[in-house]
Amino acid sequence: MPELLPMLPRDTRGRPLRDLRISVTDRCNFRCVYCMPRAVFGPDHAFLPRAELLTFGEIARMVAIFTRLGVEKVRLTGGEPLVRREIPTLVSLLAGIRGVQDLTLTTNGVLLPEHASALREAGLHRVTVSLDADDDATFRRMNDAGVPVSRVLAGIEAAEAAGLGPIKLNMVVKRGWNEHAVLPMARRFRGTGRILRFIEYMDVGHSNGWRLDEVTSADEILATISAEFPLEPMAPTNPGEVAERYRYADGAGEIGIIASVSRPFCGDCNRARLSADGQLYTCLFATSGHDLRTLLRGGASDGDLEATLRGIWEARDDRYSEIRSAETATLPKVEMSYIGG
Ligand code: SAM
Ligand code: SF4
Ligand code: SF4
């Protein structure tokens, strides 16, 4: 007799759960101006104490339960995921979970030369590397940690050499800071097989002082690039894909645009986020989460946890980017470095 599979949950807008992003630490070795501004994340900032972080065993247990509800893609992020010790150990635990079909990690890249081979051997599929400019003066202003471009390029090369390619590159564009780097970045990476994705500056958290007039829109970014290199739109490969894809008309590869401010994509959003201390968030712009750690540490069974997750997903109604306004921008939202980008 065929095995009877329980129905996978859908939220109140009919969206399935497919993608889980896990923040493994709220700490970072950068202080990007749009994410962890130094004035807020200074020497006295209280990061999560170690005892509050989910252990690797707890994370793996949660991921296995999430796969029973439809999760296929898992991305490790943070903060900077590579500052958490022994990350390859976590990767190998997650790679061994049957339902995990796509296992990736987003990083600022500087620790990749040390860790890329171990990550690959542990079973990581690919990495996404963030890089906001290809000239040192602009990049140092953006990361505010004195890191030159060459260190990130070395990280990208180490990842490729370890077999973690093709690499996607994330560039957040903040007006007045790095929009002049859009075209040089396109020039540098076209034809290399690395896929550059431009991200509109978002009002995540409440410490970056976000203003709408500091967003360089997807249309402006596309116009800047296509004035020198004509672009053609490409069809999306799967539903829930956040990047709009374009190919260079001359065959030199593709770019992506993540237009979360000017063209919101909540209608297909199938992502959940697990913070480093075990809070579950059903939207990047949430003001509060669901405490899974207390359940985990309080003796809940796998069945209890699965039922809780199902209930949370089935009650989900989030569509922040579609209803963004001057008022919502100032809500006390959780920080990106905590919830996981
Ligand atoms: N530290 C890693 C990194 O930078 O790649 C992973 C975490 S970071 C929060 C994940 C992604 O979020 C990065 O590509 C980063 O540029 C992006 N990000 C952070 N703050 C953002 C903001 N305010 N608007 C748009 N993207 C942002
Ligand atoms: Fe750190 Fe990434 Fe945030 Fe930059 S974007 S401060 S590298 S977590
Ligand atoms: Fe998903 Fe929330 Fe972003 Fe909309 S605003 S796409 S619901 S994370």
Side-chain angles (χ1 to χ4, degrees), residues 11-13 15 17-19 21-38 40-41 75-84 104-112 127-133 139 142-145 147 152 155-156 167-174 177-178 196-211 214-216 240-243 256 258-261 263-273 275-276 281-287 316-324 328-329 333-341:
D11 72 8
T12 62
R13 299 180 178 274
R15 299 170 293 190
L17 170 59
R18 291 275 180 275
D19 186 331
R21 310 201 144 213
I22 304 169
S23 173
V24 294
T25 177
D26 59 340
R27 292 166 198 259
C28 188
N29 45 0
F30 279 24
R31 285 293 177 272
C32 300
V33 290
Y34 51 78
C35 180
M36 296 179 77
R38 203 170 272 285
V40 179
F41 294 87
R75 177 171 295 273
L76 300 178
T77 178
E80 172 48 45
L82 299 185
V83 303
R84 177 130 180 211
T104 57
L105 175 144
T106 303
T107 171
N108 62 33
V110 298
L111 295 174
L112 277 172
V127 291
T128 297
V129 180
S130 302
L131 179 62
D132 295 326
F139 185 53
M142 295 295 282
N143 68 56
D144 200 15
V147 178
V152 181
I156 294 169
I167 306 285
K168 287 185 184 153
L169 295 169
N170 280 355
M171 171 177 178
V172 175
V173 187
K174 183 174 178 189
W177 288 76
N178 68 336
L196 182 55
R197 294 146 23 117
F198 300 91
I199 305 180
E200 288 180 346
Y201 171 43
M202 295 184 286
D203 50 332
V204 245
H206 60 283
S207 67
N208 63 8
W210 183 88
R211 296 200 324 248
E214 289 177 330
V215 178
T216 303
E241 187 170 72
V242 298
I258 302 178
S260 27
V261 178
R263 291 197 278 274
F265 35 77
C266 301
D268 286 332
C269 180
N270 54 24
R271 298 179 166 185
R273 290 179 157 85
S275 70
Y281 293 88
T282 55
C283 178
L284 179 55
F285 299 92
T287 50
R316 175 184 190 243
D317 187 35
D318 304 287
R319 55 184 191 105
Y320 178 89
S321 286
E322 290 181 351
I323 55 171
R324 175 184 280 114
T328 57
K333 298 176 280 338
V334 290
E335 296 298 331
M336 184 98 149
S337 51
Y338 164 75
I339 193 174

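Sequence positions, counted from 1, serve as the residue numbers for this chain. Values below: all heavy atoms of this structure, side chains included; hydrogens, waters and symmetry mates excluded. Whatever order the structure lists ligands and atoms in, that order sets their numbers, starting from 1.
- Taking the charged nitrogens against the carboxylate oxygens, R13 and D317 do have a contact shorter than 4.0 Å, which makes a salt bridge.
- Sorted by chain then number, the residues whose non-hydrogen atoms approach ligand 1 to under 4.0 Å are Y34, C35, T77, G78, G79, E80, T106, T107, N108, S130, N170, V172, I199, E200, Y201, M202, V204, N208, M336, G341.
- Under the rule for a side chain to side chain contact (heavy atoms under 4.5 Å, CB included), the partners of C28 that lie at least two apart in sequence or sit in another chain are F30, R31, M36, E80, N108.
- Per-residue contacts place F265 under 4.0 angstrom from the following atoms of ligand 3 (heavy atoms of the residue considered): 6 (S).
- For the residue pair F265 and V242, the shortest heavy atom distance occurs at CE1-CG1, 3.4 Å.
- With values rounded to the nearest 0.5 angstrom, F198 atom CZ is found 11.0 Å from D132 atom CG.
- When hydrogens are left out, the protein atom nearest atom 4 (Fe) of ligand 2 is C32 SG, 2.3 Å; that is the closest non-hydrogen contact.
- Rounding to the nearest 0.5 angstrom, the gap separating the CG atom in L112 from the CG atom in L82 is 5.5 Å.
- Listed by chain and number, the protein atoms of type N/O/S under 2.8 Å from atom 2 (Fe) of ligand 3 are C283 SG; waters are omitted.
- Taking atom 1 (Fe) of ligand 2 as the reference point, the nearest protein heavy-atom neighbour is C28 SG, 2.3 Å.
- Annotation for S337 and S23: closest pair O-OG, 3.9 Å, computed over non-hydrogen atoms.
- Checked against side-chain hydrogen bond (donor to acceptor under 3.5 Å, both in side chains), R75 has the following partners two or more places apart in sequence or in another chain: T104, T106, T128.
- For N270 and R15, the side-chain atoms include no donor-acceptor pair closer than 3.5 Å.
- Atom-to-atom distance recorded for W177:CH2 and Y34:OH is 11.5 Å, nearest 0.5 angstrom.
- A side-chain donor-acceptor contact under 3.5 Å links D203 and Y320.
- Taking every non-hydrogen atom of N108 and a distance limit under 4.0 Å, the qualifying atoms of ligand 2 come out as 7 (S).
- Scanning the protein for heavy atoms near atom 3 (Fe) of ligand 2, the closest one is C35 SG, 2.4 Å.
- Going from atom CG of N208 over to atom CD of E335 covers 7.0 Å, rounded to the nearest 0.5 Å.
- With R27 contributing its side chain and V83 its backbone, the two residues share no donor-acceptor pair below 3.5 Å.
- Ligand 2 lies less than 4.0 angstrom from a heavy atom belonging to G79.
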